[in-house]
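To keep things clear, I will list the structure first and then write my remarks on it.
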Amino acid sequence: MQLYTKIIIGMALGVVLGFLVGPNSAMLNHDGVRLTNAARILVEGRAGAAVATNSSGIRSAKIIERKGDKAPWLKVKWQLSNKDVFRLQKAAQDALAKKTGKPSAILGAKGPKYKIGAAYSGWVKNVEPAVSTYSLFGQTLVDYTEWIGRLFLALIKMVVVPLVFFSLTVGVASLGDFRRLGRLGGRTIGLFTVTTVMSLIIGVGLANIIKPGDLMSVGDKAKLLASYEGAATNTVANAADAPSTMDQIIAIVPSNPVASIANGDMLQIIFFALMFGIALTLLSEERSKPVITLLDNCNEAMVMLVHIAMMLAPIGVAALLFKVVGSTGLSVLVALSVYGLVVVAGLMIHLILTYGSIVKFGAKLPFLPFLKAIRPALMLAFSTSSSSATLPVTKECAEDNLNVSNSVSSFVIPLGATINMDGTALYQGVAALFIAQIYGMDLTLGDQATIVLSATLASVGAAGVPGAGMITLAMVLTAIGVPTEGLALVLGVDRLLDMFRTATNVVGDSAATVLMARLEGDDLKFLSEEDDAANPKKGFEGRVDNEPQPVESDVSDED
Ligand code: ASP
């Protein structure tokens, strides 16, 4: 069976199992409850004593009894935290003080004793927006299988930094001509800007026509705001640290390249590799050749590592999707379905119109076979929601399946994975309008132009990791004066939409790569599986299986 067939089976399995037995499963009994912010538990047997959730937002409790299905109360059991004990004791003392008329300070430690960590039971109102139920068994399953996805992801991510460094240095050194490099760089950045603005025009246009925000009910809005409030505040806090655009440009030049490599700072690594490659071309061949050969061999070893890690992909993606689908509540999906559909429709239009034209008319390749050639990267982007983790596979697809040269792919793809995020930009455009519509704010044409500009910058600033677009969305909202608490409205489906926008980001990078390769005169063509078989250096499975053979035959030749 082909690797991508196995990956598709893994993805399907992850999604189906996620819906069936994930923590929010419709099939399993919901015996756990998550309480956020405003929820209060009335402690049993202690009149008036209640604990609110802790300031970080969420706490979980086990449901042990329900009172009816309509307007129900849930009886829950949970363990007292330090804060709970403090609050309960204070509440009890205040009550006693009221009853006896003595100031609570005099009563001192009198009154009921609560123990930290002891199990208590109490009642909570199920109708409050801050309460959501889930399956404890499903959650346990997710907790126990989560490591598989994380392990797979770590294996691929391990390769990203050395791969970019080795391949880009070798790529630049083999370009051998600065003018070519300058031309490639200028064209690539120009194309990235045009496609990002295109994606925003599509997203903002759609959100204006369909107006998903006007279609949401008041009840759903209150529920979403209450459930995701805490998380939205955290997101805004993270966004506050984002540096200014000028600082970001200066920060591309690393003062210590070893630190950039250690921190995985992609733009700095790209800059250093470019300069290092240029320096190598200026040395005499006697000096540069051994270095380039060494780096080239290191690069090949990294590529081999990607192929080894990809053998785990089917299981890895199943585990990743199981977690994502299992942790997203169905009710959130329903409430945000129109918004989600507008985002996905916008991404599809951008994919077909913008990328379709670039690939067909620019790179002169038929679009569907092109998508087929980058299938492994697409599926990985979708299941990991990280264009940076997908990078090694995107690069392999371009080189192995489309015959793009290393000098083009090693420049365009890492740069694209870092700054070219059309899917993220489009998503931010729709989200900003959606939130403004819910708040009943009318955005002028000028505001909409500000969205296009700020979302373009925000998508450049977003890292290629899950949820990055959500953090920089706070910048876009601030730019047009929409309250950032509005992030709470879209947070519930962010992880799911992230899969679609990351896949779009990766197609965008690949489309730019083939166009640049065509302009640089690469001999673009679809390499078939027979090509793979004929050339042991090609193909995801072929390489791992076949690589040792030439070495063996070398040995026998010498015999
Ligand atoms: N996850 C996206 C990516 O890696 C970025 C984002 O939109 O959050 O491309």
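Just the heavy atoms: all of them, side chains too, but no hydrogens, waters or symmetry mates, feed the values below. Note that ligands are numbered from 1 as they come in the structure, with each ligand's atoms numbered from 1 the same way. Here the structure is a predicted model, which means the values were calculated and not measured. The residues of the chain are indexed from 1 along the displayed sequence.
- Summarising the geometry, atom CG belonging to Leu497 is positioned 10.0 Å from atom OG1 belonging to Thr502; distances are rounded to the nearest 0.5 Å.
- Taking 4.0 Å as the cut-off between side-chain N and carboxylate O, Arg501 and Asp494 count as a salt-bridged pair.
- Here the protein heavy atom with the shortest distance to atom 1 (N) of ligand 1 is Asp498 OD1, 2.7 Å.
- At least one donor-acceptor pair under 3.5 Å links the side chain of Lys211 to the backbone N or O of Asn208.
- Neither side chain, Asn263 nor Gln268, offers a donor N or O lying under 3.5 Å from an acceptor on the other.
- With a 4.0 Å heavy-atom cut-off, ligand 1 is reached by the side chain of Met421 but not by its N, CA, C or O.
- By the 6.0 Å contact criterion, CD1 on Ile315 is open, its count of non-hydrogen atoms from other residues, nucleotides or ligands being 12 or less.
- Looking from atom 2 (C) of ligand 1 to the surrounding protein, the closest heavy atom is Thr502 OG1, 3.3 Å.
- With Asp422 contributing its side chain and Asn505 its backbone, the two residues share no donor-acceptor pair below 3.5 Å.
- For atom 8 (O) of ligand 1, the closest non-hydrogen atom on the protein side is Gly469 N, 2.7 Å.
- Around the CE atom of Met275, the shell of radius 6.0 Å holds no more than 12 heavy atoms that belong to other residues, nucleotides or ligands.
- Of the heavy atoms in Val465, only backbone atoms (N, CA, C, O) come closer than 4.0 Å to ligand 1.
- At a threshold of 4.5 Å between non-hydrogen side-chain atoms, the residues Asn299 and Phe165 do not count as touching.
- Applying the 4.0 Å criterion to heavy atoms of Arg501 picks out, from ligand 1, the atoms 6 (C), 7 (O), 8 (O).
- The closest non-hydrogen atom to atom 5 (C) of ligand 1, taken over Thr424, Asp422, Thr384, Thr418, comes from Thr424.
- Backbone and side-chain nitrogen or oxygen atoms of Ala468 are examined, and one is located within less than 3.5 angstrom of a nitrogen or oxygen of ligand 1.
- Under a 4.0 Å heavy-atom criterion, Ser386 is in contact with ligand 1.
- Of all the heavy atoms of Ser385, the ones lying under 4.0 Å from any atom of ligand 1 belong exclusively to the backbone.
- Nearest protein heavy-atom neighbour of atom 3 (C) of ligand 1: Ser387 OG, 3.2 Å.
- Of all the atoms in ligand 1, the ones that sit under 4.0 Å from a non-hydrogen atom of Gly467 are 8 (O).
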